[in-house]
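Take a look at the structure set out below.
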Amino acid sequence: MDSLTLFCTGALLAGGLYWFVCILGPAEQKGKRAVDLSGGSISAEKVQDNYDKYWSFFRRPKEIETAEKVPDFVDTFYNLVTDIYEWGWGQSFHFSPSLHGKSHRDATRLHEEMAVDLIDVKPGDRILDVGCGVGGPMRAIAAHSRANVVGITINEYQVKRARLHNKKAGLDSLCEVVCGNFLEMPFPENSFDGAYSIEATCHAPKLEEVYAEIFRVLKPGSLYVSYEWVTTDKYKGDDAEHVEVIQGIERGDALPGLRSYVDIAETARKVGFEVVKERDRPQPPAEPWWTRLKMGRIAYWRNHILVTVLAAIGVAPKGTVDVHEMLFKTADYLTRGGESGIFTPMHMILCRKPETPKSS
């Protein structure tokens, strides 16, 4: 009887562990398993060192305000977080309005489809995804529009993941991924029929530099839409709590510095764009974008326990626990920023490159 009890207890624990890791572990889109968490292009033994390196940038803040330092800064961040993002959030590394009656996955897809609908592309057009990550939006947009989507990301590991997902989805004929810096894109002038960026240009030290590059590669008359991370009119620079929240978001998301919403259209016009439309994207009846963060608190704790266990037994690299804890704290800052109204990740701007250059 004792042996039977011991066997049953062991079987129950083994089954529970399998359910916890393999069933609950994968993200919504089943793109990454907990037992496969890595440091991206960083070898397992160097994850902790690179986590420490990431935080060292904030001890030299002026360095992350320059175009020369940004690639290393952002690349390090995405090597550390890509697997955790994909496992815990999904293949689309951005927020979306929560829609009543829709799953997070469907709400995300609709948000992405709206972006390509705004730039009015046709099947066969060649469009640019500026800061494509592992390609979640790219695949949704290619499937919806049948346009040929070219994505660019600074992170080589994300390129590999995106190509793998593209092939699995049967969309590799429509989706191309390039490793490169969106401040110096390897594309000729006037070569795209449209472009979009979804919460990506916030990593640029100067918005003007990335907008100028996008303007350069777009064909005259083409449209560009971007969802920008910004502080709102409710943000007060002399409010200590506001400053704490915004700095927490910046440090936990590899941002050289958040911009004010008033700077976006001004910058677009400065590089030559015509501003067609500008507004904060999450509007009623949609629920707030931070709803998913609040609903996911139990999952965060579950995942953190799992990551801690996997790191302790040597399955996950040393340093993974620190990275996950950083993202957990950042989620709290993001929620506070959303609830207080001082921050939004969905300030939408729709721009057009004029048919003829403006006279100086």
Start with the C-alpha gap between Tyr157 and Asp83, add the side-chain angles, then the distance that decides, and say whether side-chain contact (heavy atoms from CB on, under 4.5 Å) holds. CA-CA 10 Å; Tyr157 181 68; Asp83 275 0; 2.7 Å; yes
With sequence neighbours left out, the residues meeting ring-ring contact (aromatic ring centres under 6.0 Å, His included) with Tyr78 are His203
Rounded to the nearest 0.5 Å, how far does CG of Asp120 lie from CZ of Arg352? 9.0 Å
Just so I know, are the side chains of Leu110 and Met114 near enough to count as touching, which here means a heavy-atom distance under 4.5 Å? no
Any side-chain heavy atom of Thr232 sitting closer than 4.5 Å to one from Asp280? no
Mark yes or no for whether Ser92, through its side chain, and His94, through its backbone, hold a donor-acceptor pair below 3.5 Å. no
Just so I know, are the side chains of Tyr333 and Glu244 near enough to count as touching, which here means a heavy-atom distance under 4.5 Å? yes
Might you work through the side-chain contact (heavy atoms from CB on, under 4.5 Å) test for Val177 and Met138, ending with a clear yes or no? CA-CA 9 Å; Val177 191; Met138 169 191 295; 4.0 Å; yes
Does Gly337 offer a backbone N or O that forms a donor-acceptor pair with the side chain of Ser340 under 3.5 Å? yes
Between Ser41 and Glu156, do the side chains contain an N or O donor and an N or O acceptor separated by less than 3.5 Å? no
Can Tyr224 and Ser197 be counted as having a side-chain donor-acceptor contact under 3.5 angstrom? yes
Measure across Val121 and Ala147 and return the closest heavy-atom pair with its distance rounded to 0.1 Å. CG2-CB, 4.2 Å
Applying a strict under-4.5 Å side-chain criterion to I, L, V, M, F, W and Y, I'd like to know whether Leu164 and Leu171 cluster together. no
Do the non-hydrogen side-chain atoms of Leu293 and Asp332 ever get within less than 4.5 Å of each other? no
Provide the closest heavy-atom pair for Leu183 versus Glu213 in the form atom of the first, atom of the second, distance. O-CG, 3.2 Å
Who pairs with Gln247 by side chain to side chain donor-acceptor pair (under 3.5 Å), at least two apart in sequence or on another chain? none
Can any side-chain N or O of Asp125 pair as donor or acceptor with the backbone N or O of Lys122 at less than 3.5 Å? yes
Among Phe95, Trp229, Tyr227, find the residue that satisfies the ring-ring contact (aromatic ring centres under 6.0 Å, His included) test when tested with Trp289. Phe95
Are Val150 and Leu174 connected, step by step, through hydrophobic side chains (Ile, Leu, Val, Met, Phe, Trp, Tyr) whose heavy atoms are closer than 4.5 Å? no
Side-chain heavy atoms of Ile141 within contact of Ile127, under 4.5 Å: yes
Is the distance between the ring centroids of Phe215 and Phe273 less than 6.0 Å? yes
Path from Ile84 to Ile154 over hydrophobic side-chain contacts below 4.5 Å: yes
Begin from the C-alpha positions of Thr344 and Val230 and carry the test side-chain contact (heavy atoms from CB on, under 4.5 Å) through to its verdict. CA-CA 6 Å; Thr344 176; Val230 297; 3.5 Å; yes
Would you say Tyr54's side chain and Ala254's backbone share a donor-acceptor pair under 3.5 angstrom? yes
Side-chain donor or acceptor of Asn148 paired with backbone N/O of Gly124 under 3.5 Å: yes
Side-chain heavy atoms of Tyr196 within contact of Val116, under 4.5 Å: no
Roughly how far, to the nearest 0.5 Å, is the NZ atom of Lys167 from the NE2 atom of His165? 14.0 Å
Find the distance between CD (Glu86) and CG (Leu37) and round it off to the nearest 0.5 Å. 10.0 Å
What are the two closest non-hydrogen atoms of Pro188 and Ser191, and how far apart are they? O-OG, 2.7 Å
Treating Arg251 as the side-chain partner and Met326 as the backbone partner, does any N or O pair qualify as donor plus acceptor under 3.5 Å? no
Around atom CD of Glu241, are there more than 12 heavy atoms from other residues, nucleotides or ligands closer than 6.0 Å? no
Just wondering, do Tyr261 and Thr231 contact through their side chains at under 4.5 Å, heavy atoms? no
Would you say Arg161's side chain and Gln91's backbone share a donor-acceptor pair under 3.5 angstrom? no
I need the Arg216 CZ to Met185 CE distance, nearest 0.5 Å. 6.5 Å
Counting N and O atoms only, with roles assigned by atom type, does the side chain of Asp193 sit under 3.5 Å from a partner on the main chain of Arg126, one being a donor and the other an acceptor? yes
Hey, can you pull the donor-acceptor pairs under 3.5 Å for the side chains in residues 304-314, sequence neighbours left out?
from   : atom 1 : to     : atom 2 : distance (Å)
His304 : ND1    : His324 : ND1    : 3.0
Thr308 : OG1    : His304 : O      : 2.7

So CZ of Phe93 and OG1 of Thr153: to nearest 0.5 Å the spacing works out to 9.0 Å
Least distance between heavy atoms, Ala195 atom then Ile214 atom: CB-CG2, 4.1 Å
So, do Leu80 and Val47 sit near enough that their side-chain heavy atoms are less than 4.5 Å apart? yes
Please give me the minimum heavy-atom distance between Ala142 and Cys175, naming the atom from each residue. CB-SG, 3.7 Å
Using 0.5 Å steps for rounding, measure from the OG1 atom of Thr330 to the CG atom of Asp253. 5.5 Å
Give me the one residue out of Val217, Val149, Leu218 that meets side-chain contact (heavy atoms from CB on, under 4.5 Å) with Leu128. Val217
Considering non-hydrogen atoms only, spot the tightest contact between His104 and Ser98 and give its length. CE1-OG, 4.4 Å
Looking at Glu325 and Lys329, is any side-chain nitrogen of the basic one under 4.0 Å from a carboxylate oxygen of the acidic one? yes
Among all residues two or more places apart in sequence or in another chain, which pass the side chain to side chain donor-acceptor pair (under 3.5 Å) test with Glu184? none
When you measure from the side chain of Glu250 to the backbone of Leu258, do you find a donor-acceptor pair of N or O atoms at a distance under 3.5 Å? yes
Just jot down the salt bridge (Lys or Arg N to Asp or Glu O under 4.0 Å) partners of Asp172, sequence neighbours excluded, or say none. none
Salt bridge (Lys or Arg N to Asp or Glu O under 4.0 Å) filter on Arg109, not counting sequence neighbours, yields Asp106, Glu113
Given the rule in the side-chain contact (heavy atoms from CB on, under 4.5 Å) test, do Ile264 and Tyr211 qualify, once you have shown the distances and angles that lead to the verdict? CA-CA 10 Å; Ile264 307 303; Tyr211 274 13; 3.6 Å; yes
